[in-house]
K.L.:
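Input: one structure, supplied below.
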Amino acid sequence: MGHPLPAESPIGWGILATGKIAQDFARNLREVPDAAIVAVGSRRSEAAAAFASEYGGRPHASYDALVGDPDVDVVYVASPHALHLEHARLALEAGKHVLCEKPLAMTVVEAEQMIGLARQHDRFLMEAMWTACHPVIRAVVDGLASGRFGTARQVHADLGFVVPERPPGDRLVDPALGAGALLDMGIYPLTVADLVLGPAEELRATADVGPEGYDLDVAIVGRHAGGAVSALTASMTSASPRTATIATDTGRLDLPADFHHPTHAVWTPIGGAPERVEGLGPVLGTGLGNEAAEVGRCLRAGLRESPLVPHEQTLRIMRQMDEIRAQIGVRYSADGAGRPGYGAT
Ligand SMILES: NC(=O)c1ccc[n+]([C@@H]2O[C@H](COP(=O)([O-])OP(=O)(O)OC[C@H]3O[C@@H](n4cnc5c(N)ncnc54)[C@H](OP(=O)(O)O)[C@@H]3O)[C@@H](O)[C@H]2O)c1
């Protein structure tokens, strides 16, 4: 617990990078009470200016200038995964709180370093795992915890899309920036299985690894506490279903596409009619607003991590992804820092 942010002005957001998700997030922030974009930083001054004229805030022509802006309370790191540690470090060392895009880092070693920096500087840090903050997912998780939907025995979840032709150097196709289906999309099925079934006790994976050395398609099976199982896929090459199904001993929950930020869920009890499951409260924007609201709530309360996306959960999923990559033979330069292995810590 640290000092809570005083309530007299909205939470001041500084947006680090001006790419696709930064723009989605900025649009979502319009729906969030008690939040304002006060600054944006880009490597390119014209991109910062264009972003600021569209979404507001003071434009900065470098990330250094952004994190030095005194009006910024919290920095949203929206650069490619391979740069998350460097950019979160910049913000934390400047005394800013951080919401960092998923995956938090390339490896569990990097993620531990980032969490260590947040503790050292006594600042809030959260991975932008918006699924865990989403009202419909929270309703499903709560309903399972209370027994309303019975006991979950199986999770099937998938996320994928056909990645169109991209220029060289684009993060989706450049292994130096963290390209690969697992880190980009597989993190969501893994997270939902973890939220619903608890930590995986065993994971096995297979993948189609492309010529550049990263996974184009990956399939993962897991065993969880009490013998529950998960079957999870991610794809960069197919129009995959993007849905999730949770089978319980009393019925089935369906999360329609896109399951990681669904409009609703459907509960079908055995022998009964389907029922619509609504979220716990409104969805803000596309759901990115709910993660921003959760950050604001935590900052107002003086928290240094969110109970919805605790550091241990983020580290567990990072550890799982390290282990899956070891199984499928995908290595990034960040692995040079050493890979402790799934379950080793
Ligand atoms: N939550 C979600 O649903 C979601 C969706 C998509 C992506 N993401 C995550 O968000 C992160 C960014 O994804 P994105 O799709 O927004 O990527 P993007 O469109 O390629 O944008 C990335 C931005 O990062 C900045 N950047 C800094 N150094 C860079 C470098 N060496 N190469 C390329 N860009 C660099 C650039 O901003 P400037 O030029 O302005 O500095 C660039 O516009 C990824 O980690 C991804 O996993 C999350």
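Just so it is clear, the model here is predicted, and its values are computed rather than measured.
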K.L.:
Find the distance between NE2 (H134) and OG1 (T131) and round it off to the nearest 0.5 Å.
P.N.:
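It is 8.0 Å, given to the nearest 0.5 Å.
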
K.L.:
Can S230 and H224 be counted as having a side-chain donor-acceptor contact under 3.5 angstrom?
P.N.:
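Side chains of S230 and H224: pair found under 3.5 Å.
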
K.L.:
Is it true that R138 and E291 make a salt bridge, defined as a side-chain N closer than 4.0 Å to a carboxylate O?
P.N.:
no

K.L.:
Are any of the side-chain nitrogens in E294 or R297 under 4.0 Å away from the carboxylate oxygens of its partner?
P.N.:
yes

K.L.:
Examine the side chains of Y188 and W130 and answer whether a donor and an acceptor come within less than 3.5 Å of each other.
P.N.:
yes

K.L.:
Assess, by modelled atom type and distance only, whether the side chains of D69 and H60 contain a donor and an acceptor separated by less than 3.5 Å.
P.N.:
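Judged by distance alone, the side chains do pair up.
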
K.L.:
Between R153 and D249, is the closest basic N to carboxylate O distance under 4.0 Å?
P.N.:
no

K.L.:
If you measure from the Lys or Arg side-chain nitrogens to the Asp or Glu carboxylate oxygens, is any gap between D71 and R58 under 4.0 Å?
P.N.:
yes

K.L.:
Atom CZ of residue position R204 - does it have more than 12 heavy atoms of other residues, nucleotides or ligands inside 6.0 Å?
P.N.:
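Not more than 12 within 6.0 Å, no.
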
K.L.:
Only pairs under 3.5 Å count here: list side-chain donor-acceptor contacts from residues 176-184, not counting sequence neighbours, and write none if there are none.
P.N.:
| residue | atom | partner | partner atom | Å |
| --- | --- | --- | --- | --- |
| D184 | OD1 | R171 | NH1 | 2.9 |
| D184 | OD1 | R171 | NH2 | 3.4 |

K.L.:
Checking side-chain polar atoms at under 3.5 Å, does T245 have a donor or acceptor matched by the opposite partner on D254?
P.N.:
yes

K.L.:
Quick test of your reading of the model: are E323 and R325 salt-bridged, counting only N-O distances below 4.0 Å?
P.N.:
no

